[in-house]
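Data block below; observations after.
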Protein chains: 4
Amino acid sequence: MSQLDSPSAPTQRNNSKQAQKARETRQRILQAAVQVFSEEGFAGARIDRISRAANSNDRMIYYYFGNKEQLFIAVLESVYQGFLDAEQQLQLNLDDPWQALEQIITFTFDYYLEHREFVAILGDENLHQAKHSRQSEHIQQISSGIQSQLARVVAAGQQQGLLRADIDISMLYLTISSLTYFYCSNQYTLSVFMNQDLNSDSFRQQWRANAIEVVRDTVKA
Amino acid sequence: MSQLDSPSAPTQRNNSKQAQKARETRQRILQAAVQVFSEEGFAGARIDRISRAANSNDRMIYYYFGNKEQLFIAVLESVYQGFLDAEQQLQLNLDDPWQALEQIITFTFDYYLEHREFVAILGDENLHQAKHSRQSEHIQQISSGIQSQLARVVAAGQQQGLLRADIDISMLYLTISSLTYFYCSNQYTLSVFMNQDLNSDSFRQQWRANAIEVVRDTVKA
Amino acid sequence: MSQLDSPSAPTQRNNSKQAQKARETRQRILQAAVQVFSEEGFAGARIDRISRAANSNDRMIYYYFGNKEQLFIAVLESVYQGFLDAEQQLQLNLDDPWQALEQIITFTFDYYLEHREFVAILGDENLHQAKHSRQSEHIQQISSGIQSQLARVVAAGQQQGLLRADIDISMLYLTISSLTYFYCSNQYTLSVFMNQDLNSDSFRQQWRANAIEVVRDTVKA
Amino acid sequence: MSQLDSPSAPTQRNNSKQAQKARETRQRILQAAVQVFSEEGFAGARIDRISRAANSNDRMIYYYFGNKEQLFIAVLESVYQGFLDAEQQLQLNLDDPWQALEQIITFTFDYYLEHREFVAILGDENLHQAKHSRQSEHIQQISSGIQSQLARVVAAGQQQGLLRADIDISMLYLTISSLTYFYCSNQYTLSVFMNQDLNSDSFRQQWRANAIEVVRDTVKA
DNA sequence: AATGAATGAGGTTTCATTCAT
DNA sequence: TATGAATGAAACCTCATTCAT
């Protein structure tokens, strides 16, 4: 799906068995890196833990990615792209704007829930003020497709007289993101401050419903 | 204000000049640690950067806090407590529930904006699944006072017939927290995904107004 | 008993209550030091473990003994002197040379058994080629009284025609010391090489009897 | 000779030039460690002194041995094995039991004299109650071969009517070990207590003769 | 393409010791 | 006399990285 086949040094476009194995090794390292960086953050992650998790060795990381920082950037590119790819899969039913809106919220929420590594890596990246994202040309050109999908849904809803006329797409996008992301990213400390297990099925269901409701309340005509 | 005078080994409650200086040293270290941990995270923070920032030396950190992990726990206790203390300062006008609600949202938003270190440290703590919070007895007993304040405001609003009858306080608390926290915590990567500078005054004002509006829409009768 | 009231800096010869307390503190530190040095050796012993074991604080060690090395020397003097004092308590029955000889062997063996700290500290001192002993004037003048007691016993035994005429006292002293000391000092590694628990009551009894027998065999006329 | 080619993580059984160099590096570190640990004990030995003595660097010690403790265990295994290997070289002349017995005593005595590092390391190990030996599976299975050699000599001597019938091999082994080891291990403090230089050639000769004589006296028929 | 060996900088922590009341 | 505060050197160990097949 992804167009991100990495411009890193090696990995010729030849299709010999050897080249195939090389691509697999690179991929194993990348996936291991996603895992480990998401568990430990950039500073806490250890090269050798990654290489072991990839069933490879330290040296190969340098061979394929140059150094730890560039590996992290590759990880960022990979998880960002994963999100964008998923977005594009989303098939909205514009005939029913209410349902389409719910689809977007649900998709977002579920994606965060199922991709903790994405949430964790975003968190680390924000801690460092996106310093790694800024180093990737590829990432500079990224932009979420959801805003435009949202715009289409809103337009359809407005046309049908269901939604308010003065909806700001950016605000709506941020509202949805806030309501879905925060629950995932801050579960652990929220449990401290709220004295409640946010991770139970029932609580999650309740929160999902609430998020949808809140968004509805704020866009309805 | 704070009840957290941290019972770490040294520093008795005696009031000699020496003891006073000691308390100051400990405090300088703690503040430097808040700063550095919030900039670099637990793993990325360096003991010697903290001690230099505190105008002290590495050894004193171990003298007062035992080790890096316990220092981080002390930092957590300190920033958590700082938040709770601020909460308690909040004087709500229950006669005007709309205004009180806005006060709560504004307070929360501003606190996060002005205490980036709190947001950053919460982020790191969530990355590690609150493993440090779980080590502090003190933190185990913490719980935000805002929920109960919120409950009172809602009750008042309901009595005056201004607010819906079926408001769930937990949901409302989470809604407000989401809308205020996420903007602060994820500014940097949001800029990537939204292609927009979230940090401008005008955007911030706009977002603040939106957050208030969203909450209003969802609680009004 | 001991004449070793230490020439270390403080500890005036005044008899006020304060001076008494001071002497006690010093003594507590010394005893704690004997304990800790014997468990960990000079290099492995920690000043603060000693001061805590003495219910005192690091600073007092420097106050009373100057530094770690001088404390160790004081410890050496103390345990050496303890051994010499015990020797002098030994009342031999010269009328029965066989019994006297057994007394000496038994005393030596039992002393080592009951004073592991003496054995351990001697071991550490030998590791360092007695470098600390050589720093103590007092120790330079020490010399075991047992050799002369042994000489008297041997003379008596020879006069009664019980013992060989050509006994070398130094050799006999070394023989006895070897047979009694080695068992105590090397118990742990011997268990490795002999595949046997040397520490059982029965084994110890057997070895004690053997040692006596070996000595008898080598001195009898 | 040795069976102890130590299976520590790296250094596969490949025979490339590189692997050969690696084995040499590991060996250099091990030998340096024997030296330094025997001079300073476990606690007193410094990693960087070992690495410098090995013409290597600290990092390699961790690469090959994991940590200081495991290095010490490797040292223990090495010196224990060295002793066992030497034992096995011993060719006894069972036709002449007296001579064979003297051979054993002489071998033991000379081994200790010429392998001070063995004596020193045993001493340190006993100080810590063989805590490192207990961590080595290999060492757990060790057992000196001398006892069985001794048993054969004694049997031969008894058959020829030269030796007592009721000799306990364990006791005899311990007797010989005591008489030979103690002189080596305690030379320095003995000089203090005996006021005599035990290290002179003449004294050593005298003591060697005495040890042989003592053993003879105690086994002869 | 892959990997074992090597390295140096730097990280956390410990230690003996001194300062200042 | 006693003790809490402070310190710098150095200890063990880890880390990212490069070298050499």
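Letters A, B, ... mirror the listed sequences (proteins, then strands); counts begin at 1.
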Closest heavy-atom contact between K131(B) and E125(B)? N-OE2, 3.7 Å
Under 3.5 Å, is there a donor-acceptor pair between the side chain of T25(C) and the main chain of K21(C)? yes
Tell me whether the rings of H132(B) and F42(B) are parallel (<30°), tilted (30 to 60°) or perpendicular (>60°). tilted
Q20(C) side chain to E24(C) side chain, donor-acceptor N/O pair below 3.5 angstrom: yes
Contacts of type side-chain hydrogen bond (donor to acceptor under 3.5 Å, both in side chains), residue N57(B), not counting sequence neighbours: none
Distance test, side-chain N/O of N57(A) to OP1/OP2 of dT3(E), below 4.0 Å: yes
Note: contacts of residues 41-53 of chain A with DNA chain F (heavy atom, under 4.0 Å) are A45(A), R46(A), I47(A)
Closest to the R59(A) side chain, choosing from dC13(F), dA6(E), dT3(E): dT3(E)
Using only heavy-atom distances, determine whether the side chains of Q31(C) and Q35(C) contain a donor-acceptor pair under 3.5 Å. no
Establish, with yes or no, whether the OP1 or OP2 oxygen of dT14(F) is under 4.0 angstrom from a side-chain nitrogen or oxygen of Y62(D). no
d(CD, Q18(B); P, dA6(F)) in whole Å: 8 Å
Please state whether the phosphate of dA6(E), meaning OP1 or OP2, lies under 4.0 angstrom from any side-chain nitrogen or oxygen of Y64(D). yes
Both N55(C) and T25(B) contact DNA chain F. Which one's nearest nucleotide lies toward the 5' end? N55(C)
Does E69(B) or S56(D) map to a spot on DNA chain E nearer the 5' end, using the closest nucleotide for each? S56(D)
Looking only at non-hydrogen atoms, find the nearest pair between S136(D) and E77(D) and report the distance. OG-OE2, 2.7 Å
For the side chain of K68(A), counting heavy atoms from C-beta on, which of dT7(F), dT17(F), dA6(F) is nearest? dT17(F)
Sugar-phosphate only, base, or nothing, as touched by D58(A) at under 4.0 Å among non-hydrogen atoms: base
Based on Watson-Crick and G-U pairs with both distances under 3.5 Å, what dot-bracket line describes DNA chain F 5' to 3', crossing pairs as [ ] and inter-strand pairs as |? .||||||||||||||||||||
Any chance the side chains of Y80(B) and S133(B) put a donor and an acceptor closer than 3.5 Å? yes
Give a yes or no on whether the backbone of A74(D) and the side-chain of S78(D) come within a donor-acceptor separation of less than 3.5 Å. no
